[in-house]
Amino acid sequence: MDARLEKILPLVQKPGRYIGGELNSVEKDPASVDIRYAFCFPDTYEIGMSHLGIKILYYLVNSREDAYCERVFAPWLDMEEQMKAVGLPLFSLETGTPLSAFDIIGFTLQYEMSFTTCLSMLDLGGVPVLAKDRKGLKNLVIGGGPCACNPEPLADFFDLFLLGDGEEVTMDLLDLYKEFKQKGASKEAFLREAAHIGGVYVPSLYDVTYHEDGTVARVSPVGDAPAVVKKRVVADLDTAFYPDRFPVPYIDIVHDRAVEEIYRGCIRGCRFCQAGFIYRPIREKSVSVINAQAKDLCASTGYDEVSVISLSTSDYSGITPMLSDMADWTAEKKINISLPSLRIDTFSDELVEKLNLIRRSGLTFAPEAGSQRMRDVINKNITEDDIMKSVKIAFRNNYATVKLYFMLGLPYETMEDVEAIVDLGKQIVDAYYDNPDRVKGRHLTVNVSASPFVPKPFTPFQWEPQDTKASIEKKQERIHELAAHTRLHISSHKSDTVFLEAVFARGDRRLGSVLLKAFEKGCHFDSWENCFDLEKWMEAFEECGLDPAFYSNRRRPYEEVLPWDHLDNGPTKAFLMRENEKAKEAATTPHCRLRCAGCGAQDLNGGHCDALEGIDRGREVS
């Protein structure tokens with residue numbers, strides 16, 4: 001251990017964040033490998049170690065004899081202060097190597113408010129933050145994850161981005177990197193060749209021009225770079241790489257359990273949900289593979305809980321046999337099974353029967369909107385009857401804690417729609433106390449979360465404006481007013497951070513100057529309320545001559561060139577336009593297993609989508 005690190009560890013909270021050496025962490029001799037890869041998560045250890053993607057790619061890269069992948073997390077404020085005081089650069093957990101010593105520095109981009117933390121980590125690690133200042137192939141900075149679907153605000157800082165599923169494209173990129181490193185090729189030559197790997201986007205190989213009004217005029221590829229970069233899709237999840245072990249932290253993390261991914265994509269088509277579109281097409285794992293992988297993870301980690309995850313777990317076509325098979329061994333070993341992301345319209349007595357065998361906790365549902373009209377606008381495809389039927393089933397089975405997620409500021413929302421959130425909550429409370437079989441003396445807890453809506457790329461609402469801060473706050477006040485003296489516990493979120501989230505979600509390259517300016521002013525950990533400083537951000541926008549409302553609060557016409565139009569993440573623009581038009585009429589689209597809506601995402605997977613098996617395209621199935 002570095003003497004400087006040993007000196008400062010007693011001075012910080014949670015030193016276990018910074019020491020590594022966990023069970024199942026990978027040890028290699030750095031001198032024996034050709035490629036040293038730093039996998040960076042731009043947030044604290046507890047959050048980063050809860051993320052599945054880092055675990056998959058950590059073991060995937062380390063499955064290669066020629067590469068060593070090490071983890072790097074953002075040090076919390078106390079640790080950062082101490083590191084700067086003693087001159088200790090940001091380092092990897094596995095070997096304590098400074099970030100500047102790595103060949104490839106990869107960031108997972110999970111949320112827009114982590115962008116300045118990426119810059120902070122590079123700077124703390126002794127790596128130039130601007131791509132143009134990094135010469136040669138060393139310190140190649142790459143990014144992936146959901147925010148890479150529109151990485152334009154980060155174009156000045158990253159050398160390339162990986163679009164879509166990371167397992168195969170990462171291996172292809174490492175193969176190419178090793179080849180070019182061994183022959184001493186230039187960074188520029190490598191990037192030109194890397195641009196021809198499917199799923200690799202090199203922003204420096206594209207010129208962007210703007211109209212006088214600030215909108216994008218065109219994005220032009222340089223040389224033979226592809227005009228459109230298509231995301232990578234892993235076709236078969238049964239044979240795709242999945243680790244049989246996770247590092248087991250010494251300290252509590254946010255999601256401290258084994259995690260088994262059961263499928264990718266989503267059949268539902270909720271118009272606000274970016275993940276539901278960019279992770280298409282639907283690809284499911286088989287029950288036998290899920291069962292075997294979950295069993296291996298629990299055995300290798302000692303966890304007594306396994307979470308089976310997807311965007312909508314109860315939509316997995318084999319959920320009943322999956323739970324039955326897993327219950328056979330989890331019950332014997334006293335291992336709990338967690339099922340997050342349950343659809344309210346798939347909640348049934350049969351599912352509750354399975355849940356009763358494996359866990360007893362509160363239930364979380366996401367109606368998203370209080371009124372039926374708004375649920376139709378967003379294509380949630382659930383009715384009030386669905387909601388009430390599901391909560392009554394839960395109450396009959398002695399559930400007494402329910403959490404409900406809603407959004408505020410959705411397109412075409414009125415104050416009446418907002419007030420309907422409280423009305424629905426009251427109906428749920430009444431249903432509990434009207435249940436003659438409820439346990440006497442046990443009171444119901446209904447937690448209602450109302451979060452501001454953020455329009456995102458590659459959704460039908462990508463053209464829509466975000467609601468203004470004043471409007472959101474007025475709606476939040478109305479909800480709290482109506483919920484006073486009820487059994488509803490309301491939590492609402494400040495609109496300042498989601499305002500900037502909308503700016504950078506739909507931003508262009510000009511925002512790079514704002515990011516750099518904000519970072520220079522000390523902005524990082526912007527998703528943390530005690531770190532976020534809106535005043536510094538607004539100063540940065542003003543000094544750069546950019547208006548954040550241009551990006552967040554402006555409706556965009558269909559004919560406008562969007563900053564991400566040269567990137568193909570699955571759904572076609574024509575499909576998204578059709579869905580936007582249907583939203584205006586509060587018209588719904590059936591989910592993918594009832595009728596194919598022609599989103600186009602399956603074209604990136606050779607025309608295959610698991611949701612289409614046995615379904616006639618273009619014709620609703622009764």
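We're numbering straight along the sequence, starting at 1.
Other residues, nucleotides and ligands place no more than 12 heavy atoms under 6.0 Å from the NZ atom of Lys474.
Side-chain contact check for Asp315 versus His591: every heavy-atom pair is 4.5 Å or farther apart. Looking at heavy atoms from C-beta onward, Gln427 lies in side-chain contact with Glu384 at the 4.5 angstrom threshold. You'll find the side chain of Ser317 reaches within 4.5 Å of the side chain of Arg593, heavy atoms only. You'll find the side chain of Ile105 reaches within 4.5 Å of the side chain of Cys40, heavy atoms only.
Between Tyr558 and Trp463, the two ring planes are perpendicular [angle over 60°; tilted spans 30° to 60°]. Note: Phe541 and Trp537 have tilted aromatic rings, judged against thresholds of 30 and 60 degrees for the angle between ring planes.
Residue Gly600 comes nearest to Thr572 through the heavy atom pair CA-CG2, 4.2 Å, listed as atom of the first residue, atom of the second, then distance. Heavy atoms only, all atoms of each residue included: Leu119 and Leu515 are closest at CD1-O, 4.0 Å. Closest approach of Ala148 to Gly143, counting heavy atoms only: CB-O, 4.4 Å. Between Ala369 and Ile378, the shortest heavy-atom contact is CB-CD1, 4.3 Å. Closest heavy-atom contact between Ser314 and Ile319: CA-CD1, 3.7 Å. Shortest non-hydrogen contact noted between Ala505 and Pro457 is O-CG, 3.0 Å.
In this model, a donor atom of one side chain and an acceptor atom of the other lie less than 3.5 Å apart for Ser371 and Asp417. Remark: the Tyr210 side chain and the Arg509 side chain contain no N/O donor-acceptor pair separated by less than 3.5 Å. A donor and an acceptor atom, one from each side chain of Gln372 and Asp376, are located under 3.5 Å apart. Side-chain atoms of Asp385 and Thr383 include no donor-acceptor pair closer than 3.5 Å. Side chain to side chain, Ser288 and Asn291 fail the donor-acceptor criterion of an N or O pair below 3.5 Å. Looking only at atom types and distance, the side chain of His608 has a donor-acceptor partner in the side chain of Asp610 under 3.5 Å away.
Salt bridge present: Glu419 and Arg478 bring a charged side-chain N and a carboxylate O closer than 4.0 Å. Using a 4.0 Å cut-off between charged side-chain N and carboxylate O, Glu585 and Lys582 make no salt bridge. By the 4.0 Å N-to-carboxylate-O rule, Lys456 lies close enough to Glu112 to be salt-bridged with it. Remark: Glu416 does not engage Arg373 in a salt bridge, criterion side-chain N to carboxylate O under 4.0 Å. Salt-bridge formation is detected for the pair Lys469/Asp496: a Lys NZ or Arg NE/NH1/NH2 atom is positioned less than 4.0 Å from an Asp or Glu carboxylate oxygen. Using a 4.0 Å cut-off between charged nitrogen and carboxylate oxygen, Arg554 and Glu560 count as a salt-bridge pair.
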What do the steps show when you test Leu109 against Phe158 for side chain to side chain contact (heavy atoms under 4.5 Å, CB included), and what is the final call?
CA-CA 12 Å; Leu109 305 171; Phe158 282 62; 4.1 Å; yes

Given the rule in the salt bridge (charged side-chain N to carboxylate O under 4.0 Å, His left out) test, do Glu368 and Arg268 qualify, once you have shown the distances and angles that lead to the verdict?
CA-CA 13 Å; Glu368 310 292 3; Arg268 294 293 171 171; over 6 Å; no

Audit row: Arg232, Glu167, salt bridge (charged side-chain N to carboxylate O under 4.0 Å, His left out) steps and yes/no:
CA-CA 9 Å; Arg232 282 289 282 271; Glu167 293 93 334; over 6 Å; no

Check step by step if salt bridge (charged side-chain N to carboxylate O under 4.0 Å, His left out) holds for Asp386 and Lys380.
CA-CA 11 Å; Asp386 293 327; Lys380 189 66 182 177; over 6 Å; no

Please evaluate residues Glu581 and Arg578 with respect to the criterion salt bridge (charged side-chain N to carboxylate O under 4.0 Å, His left out), reporting the C-alpha separation (whole Å), side-chain torsions for both, the decisive distance (0.1 Å), and the verdict.
CA-CA 5 Å; Glu581 288 298 311; Arg578 292 197 303 270; over 6 Å; no

Could you go step by step and tell me if Phe190 and Leu173 meet the side chain to side chain contact (heavy atoms under 4.5 Å, CB included) rule?
CA-CA 10 Å; Phe190 169 79; Leu173 186 72; 3.8 Å; yes

Assess the residue pair Phe406 and Leu424 against the criterion (side chain to side chain contact (heavy atoms under 4.5 Å, CB included)); give the C-alpha distance rounded to whole Å, side-chain angles, the decisive distance to 0.1 Å, and a yes or no.
CA-CA 11 Å; Phe406 296 92; Leu424 181 60; 4.0 Å; yes

In sequence, state the C-alpha distance, the side-chain angles, and the governing distance for Phe41 and Ile47, and then conclude on side chain to side chain contact (heavy atoms under 4.5 Å, CB included).
CA-CA 9 Å; Phe41 195 98; Ile47 294 176; 3.8 Å; yes

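Proximity of a side-chain donor or acceptor of Thr215 to a complementary backbone N or O of His211 within less than 3.5 Å is not detected. The backbone N or O of Ile278 sits nowhere less than 3.5 Å from a side-chain atom of Asn569 that would complete a donor-acceptor pair. In this structure a side-chain-to-backbone donor-acceptor pair under 3.5 Å is missing from Ser471 to Thr468. No side-chain donor-acceptor contact under 3.5 Å links Glu284 to the backbone of Ile262. Of the possible polar contacts, one joining the Arg556 side chain to the Tyr551 backbone as a donor-acceptor pair under 3.5 Å is found. Side-chain N or O atoms of Asp568 include one that pairs as donor or acceptor with a backbone N or O of Gly570 at under 3.5 Å. A donor-acceptor pair is defined here as one N or O able to donate and one able to accept, closer than 3.5 Å; no such pair exists between the side chain of Arg280 and the backbone of Cys599. Side chain of Tyr242 to main chain of Ile290: no donor-acceptor pair is present (N/O by atom type, distance under 3.5 Å, no hydrogens or angles). A side-chain donor-acceptor contact under 3.5 Å links Asp159 to the backbone of Val141. A donor-acceptor pair under 3.5 Å is absent between the side-chain atoms of Ser338 and the main chain of Ser307, judged by distance alone.
Both the sub-6.0 Å distance and the 45° axial angle are not jointly satisfied by Lys231 relative to the ring of Phe458.
For the atom pair CG of Asn580 and CZ of Phe575, the computed distance is 11.5 Å after rounding to the nearest 0.5 Å. Taken from OG in Ser312 to OH in Tyr263, the straight-line distance is 4.5 Å, to the nearest 0.5 Å. Expressed to the nearest 0.5 Å, how far CZ of Phe115 lies from CG of Leu154 amounts to 4.5 Å. Here OG1 of Thr313 is found 10.5 Å from CD of Glu261. Values are rounded to the nearest 0.5 Å. To the nearest 0.5 angstrom, Lys230 atom NZ is 11.0 Å from Leu567 atom CG. Expressed to the nearest 0.5 Å, how far CG of Asp508 lies from CZ of Phe550 amounts to 7.0 Å.
With sequence neighbours left out, Ser513 forms a side-chain hydrogen bond (donor to acceptor under 3.5 Å, both in side chains) with no residue at all.
Tyr206 has its ring centre less than 6.0 Å from the ring centre of Tyr201.
Remark: of the listed residues Lys584, Arg506, Arg555, Arg271, Arg555 is the sole one forming a salt bridge (charged side-chain N to carboxylate O under 4.0 Å, His left out) with Glu464.
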